[in-house]
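The structure appears below as structure tokens.
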There are 2 protein chains.
Amino acid sequence: MREESARSERRQRHASIVDVAALAGVSPSTVSRSLRGHENVSPATRQRVADAARELAYTVSPHGSGLASGRTGTVGVVVPFVTRWYFANAVAGAHDALHAAGFDVLLYHLGDSPSRDRFFERMPLARRVDAVLTLSMPLTDAHTLALRALDMPLVTLGARLDGVSSVRIDDQAAARSAVHHLLHQGHEDIAMITAREDDPGFGFVAGADRLQGYRTAMAAAGLPEDVVTARTYGIEGGAEAMTRLMERGRLPSAVLAEYDEVAIGVLRTLRRSSVPVPARISVIGVDDHEMASVLDLTTVAQPVQEQGALAARLLLDQLDGQAEGPVDLVVPTTLVVRSSTGPPSQS
Amino acid sequence: MREESARSERRQRHASIVDVAALAGVSPSTVSRSLRGHENVSPATRQRVADAARELAYTVSPHGSGLASGRTGTVGVVVPFVTRWYFANAVAGAHDALHAAGFDVLLYHLGDSPSRDRFFERMPLARRVDAVLTLSMPLTDAHTLALRALDMPLVTLGARLDGVSSVRIDDQAAARSAVHHLLHQGHEDIAMITAREDDPGFGFVAGADRLQGYRTAMAAAGLPEDVVTARTYGIEGGAEAMTRLMERGRLPSAVLAEYDEVAIGVLRTLRRSSVPVPARISVIGVDDHEMASVLDLTTVAQPVQEQGALAARLLLDQLDGQAEGPVDLVVPTTLVVRSSTGPPSQS
DNA sequence: GGCCCTCCTGCAAACGTTGGCAGGCTCGTG
DNA sequence: CACGAGCCTGCCAACGTTTGCAGGAGGGCC
């Protein structure tokens, strides 16, 4: 009791716009206009207001402002797993661009499929944000419906959505270029490891496209497909899938992993089984994960932070009303050859 | 013109609490109370309100609510670099705990030292959040002052701050236990690589403590110190520092890295120089980074997501007024022995 | 049957800002 | 000197909730 009242007394209320107005000797409206550099405010007034605001350490209340203007100054960034390299980097890129433009970032870390469903059902974004950025998520129809219903600027990263701007790489081409690299080195027995294609609960939505690229490239070369689907995502998934691949008896001469984390899992299994890379088997991934350089993993690199920033920029354009309609930005990838790939063994 | 008016017409305004009230045949106050399950509302009314709200797809406006109640339902999470494994995991842990408690997470990705300063000067957190969680950041006095001035619940992760609750590991003990492991294997020539100790712009604030732990353990064993400071953080820093260490001519028999990413950089340099690990040199880190298992890196593991969740819980307790005063939660670490450490070579 | 208490509900006043509207002042021009 | 055109500025009505206060209805107890 006693303590509580003491505490609430000590907690000095924030200065409000009327306090600033009083101190500056003007009306609240003038303060509002002045502080936002809006319309025509005389330099003298502007100065007085600025001084008063600084003296009172005034910050505009997002609630008051949001209520009156209908804008929140906040963008929602929706991501399945921040802990994964790709997402963390995309979030960082997007955050920095948005923050620089004066927007706050509300992070929604969705996790697995069921929590994802719950999220889209409750749609907590409704009135909290001005725009939404979704990162490479496998979206069900219900999800996209919920997103569209928000009726606000929307950009997707790493995935296509009808009528929505997006930033991504050409996943099919990336996979093809990986396959071509292997073909070029003389491989003919190339397996692909995908991450849970059928139940996309955890996967990158890009998986299907990369698989398609692999198929196209193999078919064009007249070679048979060999696809293994990991039972879980990331390193563990790759490790487990590679184990299964080895248990089949006959080892392919090269493996294309859907993304680098899978490839890293593959490498771990191979090392533990003392299968030499690339002497006995070549491994290639997609992403150019931070660790690829450490593990000497050959990979098809994509610029992740840049894509995040690009997506943010698209969002900002839409918020400015500058946007011409949805665009689909496809950024280039580059093959980074390291020593996890090489010519197949003679045998 | 035409288009625009068409668009704004189509954009159906959100249902407000008075719409719900009208539909349910009650007053807005009753809707408010009912929806928050607050005071006593008759079951019949509660049901009618719930139905009306569902029918209109009503969501409370955070702005209206925030303005009236003074609460934001939002927690600010401040992090230097989300792209780093430790931070991404801590953010994930904290987010999930906060989200489960009904809070939104405003992410502030600060980056390097200058942007950090700018952030704390402008203090955009002021009226947007109910509480703040800062993740292992080296905070200057100006920073902590700005944080305290917010006068709201505050928790730090991976760092101590006077009068503020914190969650962390015992960094000195972690480093000591790493050194003891090496001593136990017979090493006497143990170097430590720290990440930019003097200018903590990028580093974990824990670095100083880990260094201290190393010093204490070495002194207790009667062995001389050998400290190398990396010029940048993470993998690249570790790689570069190891290069310098090798250029000195005499190689230590073991290296303790301030954290796993540094150790990973060390391993990269060693592999590229064909220095066998652990035959010629042992390497140990701290964290148990996701990649440690892939690289067979011996390390002192700490539970990162759990610490994030724990920190969130502390924050929630403070928001509930349950907190007894600041606590300093120290979670245990475990030595995970893999094959990057072994007895020193006979030579 | 009357009185008091409890339970439920409505009223109205905040909360802090924005933006349309209108009015006053100043300055330039004829 | 009069008139018109800008510039600046203030007034006021939102925006959507929460919450203290008060009042009405219904039920239990004597």
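Letters A, B, ... mirror the listed sequences (proteins, then strands); counts begin at 1. In this text the structure is predicted, and so the values were computed from the model without any measurement.
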With a 3.5 Å distance limit and no angle check, can you tell me whether Arg160(A) reaches the backbone of Val164(A) through a side-chain donor-acceptor pair?
yes
Could you pull out all donor-acceptor pairs under 3.5 Å where a side-chain atom in residues 42-50 of chain B meets a protein atom, sequence neighbours excluded?
unit_1, atom_1, unit_2, atom_2, d
Ser42(B), OG, Thr45(B), N, 3.2
Ser42(B), OG, Thr45(B), OG1, 2.7
Arg46(B), NH1, Ser34(B), O, 3.3
Gln47(B), NE2, Asp51(B), OD1, 3.0
Arg48(B), NE, Ala24(B), O, 3.0

Report yes or no: does Thr74(A) contribute a side-chain atom to a donor-acceptor pair with the main-chain N or O of Thr72(A) at less than 3.5 Å?
yes
Quick one: side-chain hydrogen bond (donor to acceptor under 3.5 Å, both in side chains) partners of Asn89(B), sequence neighbours excluded?
Gln305(B)
Sequence neighbours excluded, which residues qualify as ring pair (Phe, Tyr, Trp, His ring centres under 6.0 Å) partners of His95(A)?
His99(A), His109(B)
Pairs satisfying salt bridge (Lys or Arg N to Asp or Glu O under 4.0 Å), at least one member in residues 90-107 of chain A, at least two apart
Asp104(A)-Arg128(B)
Could you list the residues that satisfy ring pair (Phe, Tyr, Trp, His ring centres under 6.0 Å) with Phe120(A), not counting sequence neighbours?
His143(A)
List the residues meeting side chain to side chain contact (heavy atoms under 4.5 Å, CB included) with Ala68(B), not counting sequence neighbours, and say none if there are none.
none
Output the residues of residues 48-56 of chain A in contact with DNA chain C, where contact means a heavy atom of the residue under 4.0 Å from an atom of the strand; sort by number or write none.
none
Under 4.0 Å protein heavy-atom contacts per nucleotide of nucleotides 13-22 of chain C, with B for base, S for backbone only and - for none:
--BBBSBB--
Can a side chain N or O of Ser42(B) be found less than 4.0 Å away from OP1 or OP2 on dC8(C)?
no
Flag, side chain of Thr156(B) to backbone of Thr134(B), donor-acceptor distance under 3.5 Å
no
Going by the ring pair (Phe, Tyr, Trp, His ring centres under 6.0 Å) test, which pairs reach into residues 145-165 of chain B, not counting sequence neighbours?
none
Set of ring pair (Phe, Tyr, Trp, His ring centres under 6.0 Å) partners for Phe103(B), sequence neighbours left out
none
If you draw a 6.0 Å radius around CZ in Arg122(B), do more than 12 non-hydrogen atoms from other residues or ligands fall strictly inside?
no
In short, the helix from dG1(C)-dC30(D) to dG30(C)-dC1(D) is bent end to end, axes from five pairs each side, to 10°, by 40°
Along DNA chain D, first and last positions that approach a heavy atom of chain B under 4.0 Å:
dG16(D) to dG20(D)
